[in-house]
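The next block holds one structure in the form of structure tokens; read it before the comments.
This one's a predicted model, so the numbers in the text were calculated from it and none came from an experiment. Note: hydrogens, waters and symmetry copies are ignored here, and every other heavy atom, side chains too, is used.
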Amino acid sequence: MSMTPARKAHLQIHFCVLLWGFTAIIGKVITLPALPLVWWRMGIVALALALLPRVWRSLRAMSPKLMAAYAGIGVLVALHWLTFYGAIKLANASVAATCIALATVFTAMVEPKLARRPFSPRDLALGIAVLPGVALVVGGIPDSMRIGVVVGALSALFVALFGSLNKRLVDSVGDAGDPLTITGLELGAGTLALTALAPLMPLLFPAFAGPLMVLPSAHDLGWLLVLALGCTLLPFALSLMALRHMSAFSAQLAVNLEPVYAIVLAILLLGEQHELTPMFYLGVVIILAAVIVHPLFGRPAPVQHPEVLGTSEAKGIVD
């Protein structure tokens with residue numbers, strides 16, 4: 001019996017979400033500090049895309065103004081990944097994944113202004129609903145990890161910012177730009193931004209700092225390739241295929257499950273349940289319940305995921 005395109009799309013998007021769930025685990029396994037980890041990840045993906053002739057053809061057809069806009073968004077993507085992996089290093093994978101669930105809350109606050117859509121009281125109610133969960137998460141972790149929650153929440157804010165700006169850009173320019181070209185442009189710009197930021201990082205945030213031009217160990221390099229190619233490029237391509245055959249509602253629910261996958265994987269592979277209390281997991285349940293139930297009432301919130309940049313082919317999922 002052949003599989004329908006819709007069924008195949010649902011399986012593809014859940015496989016993508018599972019791969020994205022591994023990004024937190026791999027970030028914990030890699031021994032590099034946050035800055036070189038993100039620099040290598042973005043650089044590897046940008047280099048891989050630069051080898052494709054279609055990327056250069058599309059880039060030559062893009063206006064300088066549009067290129068600059070996507071490059072600016074790429075800087076926000078870099079800051080998101082920097083703070084996300086910083087939260088993993090300062091706390092653990094479970095805490096960082098939980099904080100990313102706050103991106104929907106921040107999006108409710110910033111998207112009306114940045115993407116120029118009407119303010120939604122329902123979205124504001126979502127933000128209020130997750131506050132008890134956040135309080136329980138903070139109270140359920142050791143004091144030494146609480147800075148990781150702050151950094152993780154900042155990472156979620158960057159997700160809301162670049163997701164909303166991508167949404168605005170997609171709406172304004174339509175189909176201008178090949179999705180792989182836009183991804184390469186954004187990640188390439190992010191790599192350059194981190195290169196410029198590196199000399200200042202020991203002064204701004206020493207915990208994130210690390211040398212960029214030093215070849216990682218064989219262990220770290222292997223995992224970096226898995227992270228860049230297996231957990232970034234592969235799910236990006238699969239997600240674009242899946243979005244052609246599924247609704248925004250279904251995709252929203254699937255992507256909202258990413259923190260669940262990440263936390264379960266962290267328990268199974270890293271044993272992080274020994275570092276956290278039941279209060280933490282109760283807070284996680286409250287946050288995820290609000291985020292997952294959110295699309296059930298009214299217009300589905302736009303999917304904001306750091307691996308699915310708001311390109312023209314993804315427009316169907318963010319409308």
Legend entry - Residue pair Tyr281, Gln273: steps toward the side chain to side chain contact (heavy atoms under 4.5 Å, CB included) verdict: CA-CA 9 Å; Tyr281 291 106; Gln273 72 274 15; 3.7 Å; yes
Legend entry - Non-hydrogen side-chain atoms of Phe280 and Ser94 separated by less than 4.5 Å: yes
Legend entry - CD1 on Ile267 to CD on Glu275, rounded to 0.5 Å: 11.0 Å
Legend entry - Donor-acceptor pair, side chain of Lys89 and main chain of Leu32, under 3.5 angstrom: yes
Legend entry - Common cluster, Leu203/Ile147, ILVMFWY with side-chain heavy-atom separation under 4.5 Å: no
Inset, instruction - Evaluate the side-chain proximity of Leu185 to Met62: yes if any heavy-atom separation is below 4.5 Å, no if none is. - result: yes
Inset, instruction - Might you work through the side chain to side chain contact (heavy atoms under 4.5 Å, CB included) test for His219 and Val29, ending with a clear yes or no? - result: CA-CA 9 Å; His219 169 272; Val29 171; 3.8 Å; yes
Inset, instruction - Answer with yes or no whether the hydrophobic clustering places Leu131 together with Leu157; edges join I, L, V, M, F, W, Y residues whose side-chain heavy atoms lie under 4.5 Å apart. - result: no
Inset, instruction - Kindly give the heavy-atom pair with the smallest separation between Val214 and Trp40, and that separation in Å. - result: O-CZ2, 3.7 Å
Inset, instruction - Could you verify whether a donor N or O on one side chain and an acceptor N or O on the other, from His14 and Tyr261, lie under 3.5 Å apart? - result: yes
Inset, instruction - Indicate yes or no for a side-chain donor-acceptor contact from Ser58 to the backbone of Val55 under 3.5 Å, with no hydrogens or angles considered. - result: no
Legend entry - Thr107 to Ser164 - nearest heavy-atom pair and separation: CG2-OG, 4.2 Å
Inset, instruction - For side chain to side chain contact (heavy atoms under 4.5 Å, CB included), just list the numbers for Leu270 and Asn92, CA-CA rounded to whole Å, side-chain angles, deciding distance to a tenth of an Å, and then say yes or no. - result: CA-CA 9 Å; Leu270 302 177; Asn92 60 30; over 6 Å; no
Inset, instruction - Determine whether Leu233 and Leu49 make a side-chain contact, defined as any pair of heavy atoms from C-beta on separated by less than 4.5 Å. - result: yes
Inset, instruction - Decide yes or no for Leu18 and Leu265: does some side-chain heavy atom of the first lie under 4.5 Å from some side-chain heavy atom of the second? - result: yes
Inset, instruction - Answer yes or no: is there a donor N or O on one side and an acceptor on the other, between the side chain of Asp220 and the main chain of Thr31, under 3.5 Å? - result: yes
Legend entry - Atom of Thr23, atom of Cys231 and distance for their closest heavy-atom approach: CG2-CB, 3.7 Å
Inset, instruction - Would you kindly say whether Trp39 and Thr191 are connected by a side-chain donor-acceptor distance under 3.5 Å? - result: no
Legend entry - Donor-acceptor contact present, side-chain Lys8 to main-chain Ala242, <3.5 Å: no
Inset, instruction - Please check if the side chain of Glu186 supplies one atom and the backbone of Ala71 the other of a donor-acceptor pair under 3.5 Å. - result: no
Inset, instruction - Identify whether Leu194 and Leu215 are in the same connected component of the hydrophobic contact network (ILVMFWY, side-chain heavy atoms under 4.5 Å). - result: yes
Legend entry - Minimum side-chain heavy-atom gap Ile141-Thr277 below 4.5 Å: no
Legend entry - salt bridge (Lys or Arg N to Asp or Glu O under 4.0 Å) contacts in which one or both residues fall within residues 125-142, not counting sequence neighbours: none
Legend entry - Donor-acceptor under 3.5 Å (Arg146 side chain, Val138 main chain): yes
Inset, instruction - Show which residues join Met279 in its hydrophobic cluster (side-chain heavy-atom contacts under 4.5 Å, direct or indirect), or state none. - result: Leu136, Leu282, Ile286
Legend entry - Co-membership, hydrophobic cluster, residues Leu47 and Leu224, 4.5 Å side-chain: no
Legend entry - Side-chain donor or acceptor of Thr232 paired with backbone N/O of Leu229 under 3.5 Å: no
Inset, instruction - Determine whether more than 12 heavy atoms belonging to other residues, nucleotides or ligands lie under 6.0 Å from atom CZ of Phe15. - result: no
Legend entry - Criterion side chain to side chain contact (heavy atoms under 4.5 Å, CB included) on Phe22 and Val226, from CA distance to verdict: CA-CA 10 Å; Phe22 273 104; Val226 172; over 6 Å; no
Legend entry - Nearest-0.5 Å distance, CG of residue Leu59 to CD1 of residue Ile182: 10.5 Å
Legend entry - Closest contact, heavy atoms only, Ser155 versus Ile100: OG-CD1, 3.6 Å
Inset, instruction - Would you kindly confirm whether Leu204 and Phe158 end up in one hydrophobic cluster when ILVMFWY residues are joined by side chain heavy atoms under 4.5 Å apart? - result: yes
Legend entry - Thr4 side-chain N/O to Arg7 backbone N/O, donor-acceptor pair under 3.5 Å: yes
Legend entry - Any Leu161 side-chain heavy atom under 4.5 Å of Ile73 side chain: no
Inset, instruction - Mind checking the CG-CG spacing from Leu76 to Leu82? Nearest 0.5 Å is all I need. - result: 12.5 Å
Legend entry - Member of Val38, Ile44, Val45 meeting the side chain to side chain contact (heavy atoms under 4.5 Å, CB included) criterion with Met42: Val38
Legend entry - Geometric class of the Phe205/Phe208 ring pair [parallel <30°, tilted 30-60°, perpendicular >60°]: parallel
Legend entry - pair Leu37-Trp223: side-chain heavy atoms closer than 4.5 Å: no
Inset, instruction - Answer yes or no: is there a donor N or O on one side and an acceptor on the other, between the side chain of Trp20 and the main chain of Glu258, under 3.5 Å? - result: no
Inset, instruction - Kindly compute the distance separating OG1 (Thr98) from CG (Leu288), expressed to the nearest 0.5 Å. - result: 6.5 Å
Inset, instruction - Could you grab the distance from atom CG of Leu35 to atom CG of Leu197, nearest 0.5 Å is fine? - result: 6.5 Å
Legend entry - Reported CG-to-CZ distance for the pair Leu114 and Phe162, which is rounded to 0.5 angstrom: 13.0 Å
Inset, instruction - Please report the closest heavy-atom contact between Ala290 and Val130, naming both atoms and the distance. - result: CB-CG1, 3.5 Å
Legend entry - Side-chain (Glu272) to main-chain (Ala93) donor-acceptor, under 3.5 angstrom: yes
Inset, instruction - Compare all side-chain heavy atoms of Pro179 with those of Phe236 and state whether any distance is below 4.5 angstrom. - result: yes
Inset, instruction - Work out which heavy atom in Ala101 is nearest to a heavy atom in Ile287; give both atom names and the distance. - result: CB-CG2, 3.7 Å
